[in-house]
Amino acid sequence: MDLSRFTKRGEFAWEVAPREAMHVPAIVYADEALMHAMDEKVYTQVTNVAKLPGIVKACYAMPDAHWGYGFPIGGVAAFDPARDGVVSAGGVGFDISCGVRCLHTGLHKEDLEANQKRLVDTLFERIPCGVGRTGPMRLRRKELDAMLSGGAEWAVSCGYGTRVDLERIEERGCMRGARAEEVSAQAKDRQCEQMGTLGSGNHYLEVQHVAKVFDYETGSVFGLSPGDIVVSIHCGSRALGHQIGTDFLKKMLAASAEYGIKLPDRELACAPIESPLGQSYLGAMRAGINCALANRQIITYLTRQVFADVLPKANLTLLYDVSHNTCKEEVHVVDGKRMPLYVHRKGATRALGPGHPDLPAAFHPVGQPVLIGGTMGTASYVLVGTMESAALSFSSACHGAGRAMSRHQAVRHWRGREVLDELATRGILVRSPSMRALAEEAPLAYKDVSAVVDAADRAGLARKVAKLEPVVCIKG
DNA sequence: ATGTTC
């Protein structure tokens, strides 16, 4: 990316002052090396979003930002409903409420040694993954609607976990204000057999060990010590979220003209928050959030069954479950005034600081666990939310490594079998229904997740707590 | 991300 258009604001923040139709500045958080390597499209997209009606304060890009549909992936933007602020389907993304859930196992690295192969094979056998795979249940319309209203709370009421799990899920497992009736029949039909499935692309289930702890005090509050075994699940709302995105993009494109919104890019199609279409999308999108929360809860249930068979000593309890593709109503301070805003986070993790009322009591002294998914060959990180991120990024941080190479390029560079074998020599056992998917997801097709996390840490978006390294990975 | 292109 050409840096000459940015003004440096400290070592890790780069600002574009409002120009042309921009209402607010655009700010990218990254170090100089990540800035140089960053997709040129991030500049175009982050400055385009700054032109949308009702945007407040600034449009942000996280250190892992790259080219997305309309908004960059790694983008954060907040809109004021009282000043014609908008909601955008492309600002949430197609995989509504894609997120990461991390589970303690109570096991230590040595406990795995004799069972690693059996564990990966059993997980692969029992956890449906890959394009179009169906899950362990088929929901009738009424049950599906209950799921869309209830999220993980619904899943627990069906026996997929306990109420203790809900405490450690964003929104306590249920996004309020969901409107199942705003979700199309097509979206529901596509989803009815997909609950409890991982999906494809960068989605995965990994068994990881805590390779390093940077902050022992917070690590102890999070229950993370060196050598501990954890399970991380990265997936979202499957076909349902994708269909909601497709349905509403079409409606928003037609409506943008009707509402007199001048779009800098058709992909930024949106509707005023206070309009019937804006409210309809928010209701459907919240139903999509509940679908993702329920999905991760059911996958957790399946994972617990696998551990009960393979490593019965294990006890899987939630550290936390947090999304990185949402639009949520939150109160933030802008120009010294507290106001309700609609915060879009697309490939950006909510990262609440210490004492925030939306956090469970256990996290009040330190802040929210911020779960950063890596690639199958590298590392994942657990960060903790800071007080200063409220002013820096509407309490948001990065979400992963971010792609450095397109899927198409990756397939030309590597063969899936090579990737699999190379990882196996490093002690990482991977299973996937698709060799092509493994080539697409080759670790080197991603940016260096450690550099991304360091930049987020140094910028003050969130602080490093622990580094997780994979042992076993199920990839869609 | 996605019944990997209505």
Side-chain angles (χ1 to χ4, degrees), chain A residues 39 41 45 64-75 88-101 128-135 138-139 144 183-205 233-251 253-254 267 284-285 287-289 291-293 295-296 299 323-327 344-349 373 375-376 399-403 405-412 416 432-442 445-446 474-476:
Chain A
D39 199 334
K41 278 277 186 182
Q45 295 194 319
D64 52 338
H66 57 108
W67 180 15
Y69 188 93
F71 280 57
I73 295 163
S88 164
V92 172
F94 285 93
D95 192 5
I96 295 169
S97 198
C98 183
V100 181
R101 166 178 293 210
C129 60
V131 178
R133 274 294 294 277
T134 55
R138 186 192 165 88
L139 295 184
L144 198 121
V183 177
S184 68
Q186 193 183 0
K188 291 177 185 179
D189 288 343
R190 287 181 65 180
Q191 190 60 35
C192 65
E193 291 185 289
Q194 291 202 332
M195 296 309 293
T197 65
L198 265 183
S200 66
N202 65 358
H203 290 168
Y204 59 78
L205 182 150
I233 298 167
H234 177 210
C235 65
S237 51
R238 306 286 284 112
L240 183 116
H242 190 269
Q243 192 62 47
I244 292 171
T246 305
D247 292 341
F248 279 91
L249 269 166
K250 208 180 290 172
K251 291 185 191 182
L253 191 58
E267 294 184 358
M285 191 257 331
I289 292 179
C291 177
L293 297 179
N295 194 33
R296 290 195 286 272
I299 292 171
S323 301
H324 46 237
N325 284 358
T326 59
C327 176
H344 294 67
R345 294 188 183 90
K346 178 183 183 180
T349 310
T375 63
M376 56 199 164
H399 84 305
R403 288 202 81 90
M405 194 185 278
S406 73
R407 293 182 180 281
H408 191 73
Q409 281 175 301
V411 170
R412 282 184 314 196
S432 171
S434 160
M435 281 299 140
R436 185 188 167 90
L438 292 183
E440 289 178 349
E441 293 294 318
Y446 281 84
I474 304 300
K475 196 87 182 166

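Only heavy atoms go into these numbers, but all of them, side chains included; no hydrogens, no water, no symmetry mates. In what follows, chains are A, B, ... by sequence order, proteins preceding strands, each numbered from 1.
Taking atom CZ of F94(A) as the reference point, atom C1' of dT2(B) lies 9 Å away to the nearest angstrom. Taking atom CD of E440(A) as the reference point, atom P of dT4(B) lies 13 Å away to the nearest angstrom. Atom CZ of R403(A) is separated from atom P of dT4(B) by 18 Å (rounded to the nearest Å). Rounded to a whole Å, the CD atom of Q243(A) is 14 Å from the C1' atom of dT5(B). A straight line from CD of Q194(A) to P of dT4(B) spans 11 Å, rounded to a whole angstrom. H203(A) places its NE2 atom 16 Å from the P atom of dT4(B), with the value rounded to the nearest Å. Following rounding to the nearest Å, K250(A) (NZ) and dT2(B) (C1') show an atom-to-atom distance of 14 Å. When the C1' atom of dT2(B) is taken as reference, atom CZ of R407(A) falls 11 Å away, rounded to whole Å.
Considering only side-chain N and O atoms, R436(A) lies nowhere under 4.0 angstrom from the phosphate OP1 or OP2 of dT4(B). OP1 or OP2 of dT2(B) has at least one side-chain nitrogen or oxygen of S200(A) nearer than 4.0 Å.
Here the side chain of N325(A) pairs no donor or acceptor atom with the backbone of K346(A) at under 3.5 angstrom. Side-chain atoms of E441(A) do not come within 3.5 Å of backbone N or O of M376(A) as any donor-acceptor pair. Formation of a donor-acceptor pair under 3.5 Å by the D64(A) side chain with backbone atoms of G400(A) is found in this model.
No contact: Q191(A) has no heavy atom under 4.0 Å from any strand.
Residues that satisfy the ring-ring contact (aromatic ring centres under 6.0 Å, His included) test with H203(A), not counting sequence neighbours, are H234(A).
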